Amino acid sequence: MNFIIGFVLLGLCVFAGYRVASSYRRKLNFVNDFKNLLNFLETNIMFTQDNLNKILTEKKDTFHKDFQEFLAKYLDYQQDCQNVLDEWKKEQNVVDSDTAEVVVNFMIGLGRNDSESQIQSIKQAKEILNGHIEKVTKEQQSKGAMSMKLGIMGGLALFIIVL
Amino acid sequence: MLKNILPVRFNRSLDFLRLDKLSEIRLRAGQPTVLNYGGRYYLGENGLADSEKEALCITSQELNDVIFRACECSVYAHNEELKQGFITLSNGVRIGICGEVVTEHNEVKTIKNFSSLNLRFPHEVKNCCLNVLKYLYNEKGVFNTLIVAPPGAGKTTFVRDLAVNFSDKFIAKNVLVVDERNELGAVIDGKAGLYLGKFTDIISGSDKQFGIINGIRTMTPDVIILDELITSSDFEAIKYVVGCGVNVVATTHSKDIFDLQNKVFFHDLLKNNVFERFVVLSNRRGVGTIEAVYDRNHTCLYCA
């Protein structure tokens, strides 16, 4: 009986550690996806000048799930996206509020300028984002890995105590 | 289409209108919205408004949003059109734009902070040219023709119908339409939004000179149709067409043919009798009233 309880506790601890670690990974994936999108937009706006709808729809499937969902929401309400994105900013739990602010501000202004101004705003967003990416990468490397280890070690400790 | 572009609060009032009768919507920041609906009217909450006070007014932000939506949320993709002061929608609606023109090294970069918009709705008036068509061609082909009318008198509609008739019904000529503002054919993704005939090729978005030279080289047209001769390069292009033995039908803004004499660019063309026919249109009895058809000696062949 003790063995089963210990095994369940071990599983729960590992799962908790995994969840915490994956939240850091999701955060990193989201900011990286956003940066990829900025690069892709920059190239397309500079050369092909296709409509945003076409660009984003083509590229959408290459992103991770969280960013895909965010883009789908944007595309659904593209013409009047401010309220929807503000709502998303409040509700989301993927990235921290500062990053969400950068993403939302960029997306609200997207497509409203001529190509030169649009490229400039993409470059500005990329500059701001670089700091965020650095921070999130460090977080993921240290806290993400640590939480996984803690989960396993905590689980094993409990397993031993229960036995 | 219109509802997707205008502010949501305008939707209800648009439901009260017959869009086939609507030829123009004028939106000015902070001013009442004016319609050309077979006459000049204000747009109110329940369709046409009796007075200025009841009219819907649009804000500057809403004007910018109209352009944003008209550009399919991608203003940068329409910057070349914006620089020329208009955007053409997929159904041929042309939005004329006023705003702050941004220039750099004497070159227009873009227009921003829009202050007023003029939405012009194209109408296909089938066979509106039939009454005078017989004066515009003979057994040898189409005469070089100039359509003369003040703005908003139906030149574009008339010339569109001429393209259809030259192409389809009477002489099955290869017609090339050089559609600089994409207003004649409203071509989107290679497909014409407005019918211009079975034997008609359309070059859209290019300036007239480029369109004509490339069109003659590649499409071997019998007739070339152009809208709105304005710049000196347009007149050079006409000389080139005529020199190539291709017939041309063009339009220009002018009150009547005698007024053309005052336009410097026309001197050469008139002196050399390039145009063999002149069709004068007006608004006297509604848009597209055909006032007269003249030959190259200014002899009246048809009078209303």
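In what follows, every chain begins at residue 1, and chains take the letters A, B, ... in the order their sequences are listed. In this text the structure is predicted, and so the values were computed from the model without any measurement.
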[X] [atom1]: over 12 foreign heavy atoms closer than 6.0 Å:
X       : atom1 : answer
F210(B) : CZ    : no
E127(A) : CD    : no
E116(A) : CD    : no
K3(B)   : NZ    : yes
Q79(A)  : CD    : yes
M219(B) : CE    : no
E45(B)  : CD    : no

| Side-chain heavy-atom pair I119(A), Y76(B) within 4.5 angstrom cut-off | no
| message | If you define the side chain from C-beta out and look only at heavy atoms, does anything of D65(B) sit under 4.5 Å from R112(A)? | response | yes
| task | Please look at D80(A) and chain B and tell me whether the side chain, the backbone, both or neither of the residue comes under 4.5 angstrom of a heavy atom of that chain. | result | neither
| note | Okay, D114(A) and chain B: the region with an atom under 4.5 Å from a heavy atom over there is both
Working to the nearest 0.5 Å, report the span between [atom1] of [X] and [atom2] of [Y].
X       : Y      : atom1 : atom2 : result
Y74(A)  : C73(B) : OH    : SG    : 6.0 Å
R69(B)  : Q78(A) : CZ    : CD    : 12.0 Å
S115(A) : H78(B) : OG    : NE2   : 12.0 Å

| query | Among N51(A), N53(A), L110(A), which residue meets the side chain to side chain contact (heavy atoms under 4.5 Å, CB included) test with S74(B)? | reply | N51(A)
| If you count heavy-atom pairs under 4.5 Å with chain A, which of N64(B), N79(B), L82(B) comes out on top? | N79(B)
